[in-house]
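Accompanying notes for the structure given below.
Remember, it's 1-based here, ligands and their atoms both numbered in the order they're listed. Scope of the values below: all heavy atoms of this structure, side chains included, with no hydrogens, waters or symmetry mates.
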Amino acid sequence: MHLSDNPAAGTATPVADWIQRAPKAVLHDHLDGGLRPATIIELARECGYTALPTEDPAALAVWFRDAADSGSLERYLETFAHTCAVMQTREALFRVAAECAEDLAADGVVYAEVRYAPEQHLEGGLTLDEVVEAVNEGFREGERRTRGRITVGTLLTGMRHTTRSLEIAELTVAHRERGVAGFDIAGGEIGNPPANHLPAFQHLKRHNCHFTIHAGEAVGAESIHEAVQVCGAERIGHGVRITDDIQVHDDGTATLGHLAAYVRDNGIALEVCPTSNLQTGAAKDYASHPIDLLRRLGFRITLNTDNRLVSGTTMSREFQHMADAFGYGPEVFEQFTVAAVESAFLPLPERRRLVDEVIRPGYAAL
Ligand SMILES: O=c1[nH]cnc2c1ncn2[C@H]1C[C@H](O)[C@@H](CO)O1
Ligand SMILES: [Zn+2]
């Protein structure tokens with residue numbers, strides 16, 4: 001199903017007031033997948049980028065969502081050429097990061113881990129360190145503008161089709177005390193298994209650094225197995241194809257294979273992004289999305305946006321889609337949000353403080 005054919009999907013979704021007000025935590029949100037359309041157009045003018053499909057902000061928003069709504073992860077990823085093209089200077093990165101924090105905070109997000117691939121922002125002559133510094137300064141500015149309503153950490157992403165992941169892992173370790181919370185690998189999953197990047201993961205392990213891996217999105221359970229058991233991922237980006245290792249019987253009961261049981265029993269968080277999954281073909285529609293099966297089986301589920309612009313979504317819209325599909329009320333979203341904070345790449349006392357002083361009271365007040 002194409003999202004654009006579905007009036008309940010994407011930007012048209014009306015969001016319930018309590019969902020808008022609920023405190024949220026997002027662990028899987030790409031900086032280069034969430035720019036404001038008007039900002040892309042302004043930055044393109046400033047840097048002389050002429051390949052945008054339109055210069056009308058509303059039409060550009062629709063273009064991204066429709067172009068990414070292809071049933072293929074590879075085609076979904078092609079749209080990022082336009083956003084990365086305008087994110088090549090210190091000023092542009094600063095602005096995009098500051099606006100990202102503002103937009104997430106306006107949606108009720110109190111804690112965010114936002115990821116991007118530093119190697120994709122070097123065309124204007126910045127070094128990897130300068131890219132990281134510009135983004136971090138932008139986020140500090142965004143936190144100031146929102147008067148501390150949101151805390152943002154970053155994850156540095158290595159691209160799975162390139163060979164720079166060890167360098168990006170080293171960059172992560174170098175900036176870990178200054179705004180960088182961890183590492184990730186992303187990009188086309190088919191033909192690019194996570195174990196290709198083993199030196200990066202070993203470097204992170206050696207330095208006791210956190211990392212997550214996109215796995216089980218376009219490739220099945222074997223990709224998740226490699227991410228968890230060979231590479232040592234603490235969380236899984238998407239991970240929805242863990243269902244390949246779960247047998248659901250006619251009476252509704254289920255039998256878990258050894259991998260699914262390991263992921264569930266060890267509380268390895270799944271960073272679930274339903275709308276993105278519909279666009280890339282990882283799930284057919286909201287109603288049959290595996291999130292509900294996985295939740296009922298006791299997996300540690302977190303709900304995320306993936307790419308707010310490219311998927312035409314927000315945290316509130318993802319909540320609303322799940323409320324519409326499965327009848328979820330505040331107690332389920334509180335569970336997802338607590339799971340997200342508890343799986344955050346933050347020191348334990350900070351996670352506890354966020355849960356006890358922000359998330360629990362926020363839900364109690366709804
Ligand atoms: O869901 C995704 N799967 C794999 N790669 C992704 C996804 N969303 C974004 N990316 C890629 C495109 C971006 O340019 C890159 C860094 O944020 O990560
Ligand atoms: Zn992603």
Residue among F319, Y328, Y363 satisfying ring pair (Phe, Tyr, Trp, His ring centres under 6.0 Å) with F336: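 Single pass found, and it is Y328.
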
Report the part of [X] in contact with ligand 1, treating N, CA, C, O as backbone and CB onward as side chain, heavy atoms under 4.0 Å; options are side chain, backbone, both, neither.
{"X": "T280", "answer": "neither"}
{"X": "T83", "answer": "neither"}
{"X": "Y116", "answer": "backbone"}
{"X": "V310", "answer": "neither"}
{"X": "E189", "answer": "neither"}
{"X": "L31", "answer": "neither"}

Charged N-O contact under 4.0 Å between [X] and [Y]:
{"X": "K24", "Y": "E318", "result": "no"}
{"X": "R95", "Y": "E141", "result": "no"}
{"X": "E143", "Y": "R149", "result": "no"}
{"X": "R308", "Y": "D29", "result": "yes"}
{"X": "R164", "Y": "E170", "result": "no"}

Flag side-chain contact, heavy atom, 4.5 Å: H82 against I40: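 A side-chain contact is absent here, since even the closest heavy-atom pair is not under 4.5 Å.
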
Side-chain heavy-atom pair E226, P193 within 4.5 angstrom cut-off: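 A side-chain contact exists here, since the closest heavy-atom pair is under 4.5 Å.
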
Whether H214 and H30 hold their rings parallel, tilted or perpendicular, with breakpoints at 30° and 60°: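 Rings of H214 and H30: tilted, as their planes differ by 30° to 60°.
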
Near [X], which atoms of ligand 1 are under 4.0 Å from a heavy atom of that residue?
{"X": "H238", "value": "1 (O), 2 (C)"}
{"X": "H214", "value": "1 (O), 2 (C), 3 (N), 4 (C), 7 (C)"}
{"X": "L77", "value": "5 (N), 6 (C), 7 (C), 9 (C), 10 (N), 11 (C), 12 (C)"}

Distance below 2.8 Å from the Zn ion (ligand 2): protein N/O/S atoms: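 Near the Zn ion (ligand 2), the protein supplies H28 NE2, H30 NE2, H214 NE2, D306 OD1.
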
Passing option when C100 is tested against V114, V152, T39 for side-chain contact (heavy atoms from CB on, under 4.5 Å):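 Exactly one candidate clears the test, V114.
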
Suppose we measure from [atom] to each protein heavy atom; which comes out shortest, and what is that distance?
{"atom": "atom 9 (C) of ligand 1", "result": "H30 CE1, 3.2 Å"}
{"atom": "atom 3 (N) of ligand 1", "result": "E217 OE1, 2.8 Å"}
{"atom": "atom 8 (N) of ligand 1", "result": "N307 ND2, 3.1 Å"}
{"atom": "atom 14 (O) of ligand 1", "result": "D32 OD2, 2.4 Å"}

G33 to ligand 1, any heavy atom closer than 4.0 Å: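 So G33 does not count as touching ligand 1.
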
Any R160 heavy atom less than 4.0 Å to ligand 1: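 So R160 does not count as touching ligand 1.
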
Would you check the N or O atoms of [X], main chain and side chain alike, for any that come under 3.5 Å of an N or O of ligand 1?
{"X": "Y76", "answer": "no"}
{"X": "D306", "answer": "yes"}
{"X": "G187", "answer": "yes"}
{"X": "S276", "answer": "no"}

Side-chain H-bond candidate by donor/acceptor type, D184 with T157, under 3.5 Å: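 The criterion, which ignores hydrogens and geometry beyond distance, is satisfied for T157 and D184.
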
With a cut-off of 3.5 Å and sequence neighbours excluded, list every side-chain donor-acceptor pair involving residues 351-358.
| unit_1 | atom_1 | unit_2 | atom_2 | d |
| --- | --- | --- | --- | --- |
| R351 | NE | L346 | O | 2.9 |
| R351 | NH1 | E342 | O | 3.0 |
| R351 | NH2 | L346 | O | 3.3 |

Is there a path of hydrophobic side-chain contacts, each under 4.5 Å between heavy atoms of I, L, V, M, F, W or Y residues, that connects [X] with [Y]?
{"X": "L259", "Y": "V272", "answer": "yes"}
{"X": "V26", "Y": "V96", "answer": "yes"}
{"X": "F333", "Y": "Y286", "answer": "yes"}

